[in-house]
K.L.:
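Pasting a structure here, questions to come.
Every chain is numbered from 1 and lettered A, B, ... according to where its sequence line falls, protein lines coming before strand lines. Side chains are part of it too, since the values below use all heavy atoms of this structure and drop only hydrogens, waters and symmetry mates. It should be emphasised that the depicted structure is a prediction, and the values quoted were computed from it without experimental measurement.
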Amino acid sequence: MTLTTMISTMAAGMLRTTGIFALTLIGSLPLGMVVALLRKSRFAPVRGIIRGFISIMRGTPLMLQLLVWYFGPYYLFGWNIGNWRFPALILGFVLNYAAYFAEIYRGGIESIPVGQYEACEVLGYTKSQTFMRVILPQVIKNIMPSVTNEVITLVKDTSLAFTLAYQEVFSLAKQISASQTSFMPFLIAGIFYFIANYLVEIIMNRIEKSMDYYK
Amino acid sequence: MIIEMKNIRKSFDGLEVLKDISFGVDSGEVVSIIGPSGSGKSTLLRCATFLETIDGGEILYMGEHAAHTDESGNAVYVSPHELRHFRSYCGLVFQQFNLFPHYSILKNIIDAPVHVQHRNIEEAKTEAMELLSKMGIADKADAYPYQLSGGQQQRVAIARALAMNPEILFFDEPTSALDPELTGEVLKVIRQLADEKMTMVVVTHEMPFAKAVSNRVIFMDGGVIVEQGDPLKVFEDPQEERTKQFLRVFER
Ligand SMILES: Nc1ncnc2c1ncn2[C@@H]1O[C@H](COP(=O)(O)OP(=O)(O)O)[C@@H](O)[C@H]1O
Ligand SMILES: [Mg+2]
């Protein structure tokens, strides 16, 4: 295998890695907010369930969770779902990251001074106006550094997809390395991950800067 | 009467903070509330502006009941929808300003008029600029709160409250969070509003201001109104021992 074929095969894997990455963010960033809000629900049972969910998601290895989502339906219920590998993968990633984002959001929401809510109340804002117009924009600014951390971790965590033998860049690197008895694929994978995170840092920095206009 | 509060009772987990307080404010009147810390002044203002719910008593705005007491002695409020209407009668200026840090000064002022009262945005802007000129900070319209001094921020907060065209404006120690050299500029705009016959209730420790600007002074202590009346009378010739004691602290 020439270096060029190696790189182009792995670039295709990197595309799949990017797919996991993008779908996880698209699913978990909003879902995390839903979880964070339910975590503060008026109904104690809802709060309890959400707390349990967050504990489990954060307290067990993501790799194990991926295996459960993939094999669970068959071993637990005898269901045979066609083409389940990729959906199980995304489900596992989205739920796991939603739990982490939920805790980040919760911290962000709790850091907003109560005076902001009171000012809104006196001015006659509805609850949803208060949240959307006043609280959320400030929360987003406050949590940006933590979100950046989590996104960078996600880039690297996508490699856990190898557990389900999904052909993303890390799985491919292992395969090609074994078949070609070469160390090169790992080096290439490392460079790919590094570049990806370099881009993430640039983009997140831009976003953080765009919110620098106030303190 | 703009607002009437009758026999207001309010407790925080067993601690009775307002004990059967009654008071009313007429249109154009400026009332100062003085009293030691912990006497219930903020709680009274927060009940009047619906940030806290009363346990018993009545709250009326413009002669209409926002809350009344049922047969068992508990306060009953109108529906949340109707309450929104009552909220629009009153404004509150906080000790800590509570401006929206992510909005420019102009946006701080026009956001509620536009999104709560559904006023025309251009009209709201014009009015906001007039208010800012009146507060002496028209040049700050595009700045953000963190770029302003405390005194300027508090004047923005006053403009923000006025932009809603309330019938009555409450102030909870509007100068207590300010450096001494900045209190004057805030008191000046309140005085100016008093001259324009804005109905106001001001909780303050600025005795000379209370004496000079208000039509009536209320001295609160321990959750009750101990004494009230004409400022000259209350300050120069207080009738109650507790009032005398309190005022003595402010004399030097
Ligand atoms: N949210 C609250 N929960 C419990 N106690 C409170 C709360 N708000 C005020 N209090 C208590 O009520 C009393 C009166 O407080 P406050 O109205 O703030 O007094 P003032 O404004 O005159 O200093 C104080 O003893 C205070 O500790
Ligand atoms: Mg107070």
Side-chain angles (χ1 to χ4, degrees), chain A residues 29-30 32-33 36-37 40-44 101 104-148 203-215, chain B residues 42 45-46 48-53 80-81 83-105 107-119 142-148 153 156-157 160-166 168-172 177:
Chain A
L29 283 171
M33 185 52 75
L37 293 177
K40 299 172 85 70
S41 159
R42 268 179 297 166
F43 305 104
F101 284 132
I104 292 175
Y105 293 153
R106 185 171 68 95
I109 291 171
E110 285 172 1
S111 75
I112 304 296
V114 64
Q116 292 288 302
Y117 291 92
E118 293 183 344
C120 289
E121 203 176 332
V122 172
L123 289 168
Y125 287 85
T126 62
K127 283 235 159 64
S128 69
Q129 280 178 324
T130 300
F131 187 72
M132 297 306 292
R133 306 192 64 77
V134 176
I135 306 302
L136 189 58
Q138 297 183 58
V139 168
I140 291 175
K141 179 182 165 84
N142 290 352
I143 64 174
M144 250 5 242
S146 318
V147 170
T148 302
I203 293 169
M204 296 307 275
N205 260 328
R206 285 253 169 98
I207 298 176
E208 278 183 49
K209 277 243 169 60
S210 75
M211 291 186 286
D212 265 357
Y213 63 90
Y214 74 92
K215 287 203 179 80
Chain B
S42 296
L45 255 54
R46 293 168 60 83
T49 52
F50 306 108
L51 284 176
E52 301 281 359
T53 52
H81 179 74
L83 205 56
R84 290 178 63 76
H85 160 72
F86 282 100
R87 274 183 206 284
S88 72
Y89 288 134
C90 58
L92 174 62
V93 173
F94 301 86
Q95 186 176 335
Q96 300 293 342
F97 333 134
N98 296 340
L99 294 179
F100 303 135
H102 59 308
Y103 282 166
S104 72
I105 298 309
K107 184 123 170 83
N108 260 280
I109 298 173
I110 64 167
D111 199 62
V114 171
H115 291 98
V116 173
Q117 296 180 329
H118 306 293
R119 304 243 310 271
D142 296 323
Y144 284 82
Y146 81 94
Q147 296 167 313
L148 271 57
Q153 289 190 46
V156 174
R160 179 175 71 175
L162 287 171
M164 300 297 280
N165 291 313
I168 181 169
L169 197 48
F170 294 89
F171 296 79
D172 192 358

K.L.:
Between B/L148, B/N98, B/I105, B/N108, which is the residue that forms a side chain to side chain contact (heavy atoms under 4.5 Å, CB included) with B/Q153?
P.N.:
B/L148
K.L.:
Between CD1 of A/I140 and CD1 of A/I135, what distance do you get to the nearest 0.5 Å?
P.N.:
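Rounded to the nearest 0.5 Å, the CD1-CD1 separation comes to 12.0 Å.
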K.L.:
To the closest 0.5 Å, what do you measure between OG1 (B/T49) and CZ (B/R87)?
P.N.:
8.0 Å
K.L.:
Give, as side chain, backbone, both or neither, the part of B/R46 having an atom under 4.5 angstrom from any heavy atom of chain A.
P.N.:
side chain
K.L.:
Does any backbone or side-chain atom of B/F50 lie under 4.5 Å from a heavy atom of chain A? Answer side chain, backbone, both or neither.
P.N.:
backbone
K.L.:
Starting at CG of B/L51, measure out to CZ of B/F170 and round the result to the nearest 0.5 Å.
P.N.:
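With rounding to 0.5 Å, CG (B/L51) is 11.0 Å from CZ (B/F170).
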K.L.:
Between B/L83 and chain A, with a heavy-atom cut-off of 4.5 Å, which part of the residue counts as in contact: side chain, backbone, both or neither?
P.N.:
neither
K.L.:
What part of A/E118 lies closer than 4.5 angstrom to a heavy atom of chain B: side chain, backbone, both or neither?
P.N.:
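The answer is both parts of A/E118.
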K.L.:
Find out whether A/V134 and B/H102 are in side-chain contact, i.e. whether some heavy atom of one side chain is under 4.5 Å from a heavy atom of the other.
P.N.:
yes
K.L.:
Pull out the residues in residues 206-215 of chain A that come under 4.5 Å of chain B, heavy atom to heavy atom, sorted by number.
P.N.:
A/Y213, A/Y214, A/K215
K.L.:
Contact part of A/Q116 toward chain B, heavy-atom cut-off under 4.5 Å: side chain, backbone, both or neither?
P.N.:
both
K.L.:
Do B/V116 and B/R84 come within less than 4.5 Å of each other through their side chains, counting heavy atoms only?
P.N.:
yes
K.L.:
Parallel under 30°, tilted from 30 to 60°, perpendicular over 60°: which one fits the rings of A/F101 and A/Y105?
P.N.:
parallel
K.L.:
Answer yes or no: is there a donor N or O on one side and an acceptor on the other, between the side chain of A/Q138 and the main chain of A/I112, under 3.5 Å?
P.N.:
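A pair under 3.5 Å: no.
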K.L.:
Measuring heavy-atom distances to chain A, does B/Y103 have an atom under 4.5 Å in its side chain, in its backbone, in both, or in neither?
P.N.:
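Answer is side chain: those atoms of B/Y103 sit under 4.5 Å from chain A.
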K.L.:
Considering only heavy atoms and a distance below 4.5 Å, find which of A/P137, A/C120, A/P113, A/A119 pairs most often with chain B.
P.N.:
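Heavy-atom pairs under 4.5 Å are most numerous for A/A119.
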K.L.:
If you measure from CZ on B/F94 to CG on B/D172, what distance do you get to the nearest 0.5 Å?
P.N.:
9.0 Å
